[in-house]
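Any value given below was found using the heavy atoms of this structure, including those in side chains, with hydrogens, waters and symmetry copies removed.
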Amino acid sequence: MSSFISIQNIKKTYFRGRKVAKEALRGVSFEMNEGEIVGLLGVNGAGKTTLSSIIASLNPPSSGNLLWQGCSIYKNLKAYRKIVGFCPQKPNLDELLTLDQNLLFAGRFFGMQDKEILIKKRELIESLELEGYKDALASTLSGGYKQRFLIARSLIHSPKLVVLDEPTVGLDPHIRHELWKIIRNLKSQGVSVLLTTHYLEEAEAIVDRVCMIDQGKIKATGTIEEVITSYNKEKLEDVLLAIQKEENK
């Protein structure tokens, strides 16, 4: 695999007036490869959502850089955004539109022709098992199907990088496992996936590598086996607990 995305010393500081309110990210650096699933792991408030929104180009960093194939994304954000699909933690659907209509407008947003959108819509609706819901209003969908819908919308333009921010929070185990299959399928198509989660069993089931973040800093990166070995622990959960104890000293 070749280097695809390089996150370089990203910092994000929020201010209240002239005073620092929060240092959400404190010098985050790691690499993503093509066709790789990277799990960004940490407890709530660790900085996962802030970092994922920066990688999705929705939120600018206070400092640092993000390279795509060796070049800063900020030199050509329009081109970068065309290769990124983003699935937010909280559904932001237009609930007055049907699934079919939402996908149509999402495709047009990315400059796709209607004929191209039609082909991609059919493909996504079939692969995500949404055939019976394409004419349903988004407001009528259950949590699991809303999540499938969000993933479909993020994939309409055939992105090369998909950012999934806590995509399985609040879903029952069956739906979570179905979404894991979808994520694995993206990898099989050569798509790079950044998955933020605090479900350790989710990471163990589907990711190639993990980046463990705590209080805005990356504390460990590598395969799950490498991270467990580096902390001389038996389980990923033990590593997470050890990291939290380090920060609380």
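- Between S154 and F86 the shortest heavy-atom distance is CB-O, 3.6 Å.
- With hydrogens and angles disregarded, a donor-acceptor distance shorter than 3.5 Å links the side chain of T140 to the backbone of L137.
- R108 and D114 are joined by a salt bridge, as a carboxylate oxygen and a charged side-chain nitrogen come within less than 4.0 angstrom of each other.
- Ionic pairing of E95 and K146 is present here: one or more N-O contacts between side-chain nitrogen and carboxylate oxygen are shorter than 4.0 angstrom.
- Side-chain atoms of E166 and K48, non-hydrogen and from C-beta on, do get closer than 4.5 Å to each other.
- Side-chain atoms of R153 never come within 3.5 Å of backbone atoms of N102 as a donor-acceptor pair (strictly under, hydrogens ignored).
- For the ring-ring contact (aromatic ring centres under 6.0 Å, His included) condition, the pairs that include at least one residue of residues 115-160, sequence neighbours left out, are F110-H157, Y133-Y145.
- Tested against P159, the residues V162, L161, I156 include a single side chain to side chain contact (heavy atoms under 4.5 Å, CB included) partner, V162.
- For the pair F30/V28, a side-chain contact is recorded, criterion being any heavy-atom separation below 4.5 Å from C-beta on.
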Scan the side chains in residues 122-131 for donor-acceptor partners under 3.5 Å anywhere in the protein, sequence neighbours excluded, and list what turns up.
from: E123; atom 1: OE2; to: K120; atom 2: NZ; distance (Å): 3.0
from: S127; atom 1: OG; to: E123; atom 2: O; distance (Å): 3.1
from: S127; atom 1: OG; to: L124; atom 2: O; distance (Å): 3.2

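- T13 places no side-chain N or O within 3.5 Å of a backbone atom of E23 that could act as its donor or acceptor partner.
- No continuous path of ILVMFWY side-chain contacts below 4.5 Å connects I218 to L241, so the two sit in separate hydrophobic clusters.
- Considering D208, V207, I206, I183 in turn, I183 is the only one that fulfils the side chain to side chain contact (heavy atoms under 4.5 Å, CB included) rule with V193.
- Using modelled atom types, no side-chain atom of R176 and backbone atom of E202 make a donor-acceptor pair closer than 3.5 Å.
- A side-chain N or O of D165 and one of T196 form a donor-acceptor pair less than 3.5 Å apart.
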